[in-house]
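Notes follow the structure.
Residue numbers start from 1 in every chain, and the chains themselves are labelled A, B, ... in the order their sequence lines are given, proteins ahead of strands.
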Amino acid sequence: MTRVVVVGASAAGLAAVDALRREGYDGTLTLVGAEPHPPYDRPPLSKQLLAGAWEPDRLVLRTPAELSALGLDLRLGTAATGLDPAARVVALSDGDRLPYDALVIATGVRPRRLPGEGPQHVLRTLEDALALRERLRPGRHLAVVGAGFLGAEAAAVARGLGVEVTLLEPEPVPLARTVGAPVGAMLAALHREHGVTLRTGVAVRAVCRGGVRLADGAFVAADEVLTAIGSVPNTDWLAGSGLPVGDGLECDMYGAAAPGVYGAGDVARVRHPVSGAASRVEHRTHAAESGLAVARNLLRPDAPRPFAPVPYVWSDQYDVRLQAYGYLRGHEHLDVVEGALATRRFLVAYRSGGRLTGVLAAGLPPRVVRRWRQAVAGRVPWREAVPAAGAVP
Amino acid sequence: MRVEIDEPKCVASGQCVVASPEVFDQRDEDGVVIVLDAAPAPALHDAVREAAAVCPAAAIRLVLE
């Protein structure tokens, strides 16, 4: 193997090229990135960068010297536009064609947008975050559409900057489907305490000049609108390639989508080796872990290792840091097993299929959290993990 | 190999402790990383590299000497 191409120059793509070199691959290594910037970190975009606490230089993931030490054929500001997996060639936006022996697809996701003529911010790239930050001035009014982790973090930052915030959420309780209604209700109270106007059960039809139009026809005035309603996998360039594309690039439990083709990061839908469930995980940690895993499998196609991490994500909202380990979405049941939601120092355990599959913690000592994380990693039966909960119905 | 931490970046995920418990720990009060061994022995290097790679906040820097 002498030619490896990695498409996508963010956390997953960078982890892949890093791991390939570390594992001894010394052939041509091309890293293609649609954005003009060298790899940078995205989680701070809705946190420290948006708040003005950090400048873009704090987000850089590798120094120029570290990047150069990787010996990359680095193609920034260049998008992949097509793939021929039979001929093993990637087509680029600058007209170049890259032959490969192995390919890693890490093209990530892009934000979903609302219909309408009015200007709307999204929050995915450095430019997005800087454009929004520029507009967050005390006394101005920001409407945030979508109270998921991203929208909630941006709302919290904006309040900290003295911005009037209206947070619009179609569900009756924010984040209920992910973290459960009791936790969602606690987060709703947290935002209201900090002066956010939170309106739930409200669908937005369109972004207009000067605000948003709701499904019931009402108008919410705002100086700025941030749309945070989820994302779409960047798989358009794979159309016609014959690769299995649905909600993302369909990969097996080794991260492989076709012979010599692997998926990593937000764009990849990977099958879990134990539960058998396919999922697409849009977490920073998952990007790095999956990049690492596919790099190893790519170099050892005869002895691949299944990719079965414990997903980890954190969210900062005001002075509360939420930390989630494992799978929370789609849970059947939850219990507060340490602390209490009201004190905002707690650990919530989530049950799926009779097992402990995830925990969400805030404000607890790391030793306590680590013990639960271990239980999640072991998919411990619920009755053992949470004895007080009794028999599973 | 020297292990350096950009402490304000640390988000207390504990991923590094799972990957390399000989080299990393967390403060009790806020979970921020503690380096137990800033110049780990070669036998630990793979695990330390893994820890740096999976840090969700890119807070661990490895300086090769």
Does anything in residues 23-38 of chain B get under 4.5 Å of chain A by heavy atoms, and if so which residues? D25(B), Q26(B), R27(B), D28(B), G31(B)

Quick one: do the S231(A) and E282(A) side chains pair a donor with an acceptor below 3.5 Å? yes

Rounded to the nearest 0.5 Å, what's the gap from CG on D46(B) to OG on S20(B)? Could you check? 10.5 Å

Salt bridge flag under 4.0 Å for residues R124(A) and D266(A): yes

For the interface with chain A, which of A12(B), A58(B), A53(B) has the highest count of heavy-atom pairs at distances below 4.5 Å? A12(B)

Give me the ring orientation class for W314(A) and Y312(A): parallel if the planes are under 30° apart, tilted from 30 to 60°, perpendicular past 60°. parallel

Ignoring hydrogens and geometry, is there a side-chain-to-backbone donor-acceptor pair from D18(A) to A15(A) under 3.5 Å? no

Let me know if E66(A) has heavy atoms under 4.5 Å from chain B in its side chain, its backbone, both or neither. side chain

Is the Lys NZ or Arg CZ of R42(A) less than 6.0 Å from the centre of Y40(A)'s six-membered ring, within 45° of the axis? yes

Look at H286(A), R58(A), R284(A) and state which one has the largest set of heavy-atom pairs under 4.5 Å with chain B. R58(A)

Quick one, L347(A) and L360(A) - any side-chain contact, counting heavy atoms below 4.5 Å? no

Could you tell me which portion of R373(A) (side chain, backbone, both or neither) has an atom closer than 4.5 angstrom to a non-hydrogen atom of chain B? side chain

Pairing donors with acceptors under 3.5 angstrom, does anything connect the side chains of S315(A) and E153(A)? yes

Using a 4.5 angstrom heavy-atom cutoff, name the option from Q374(A), Q48(A), H283(A), R296(A) with the most pairs to chain B. R296(A)

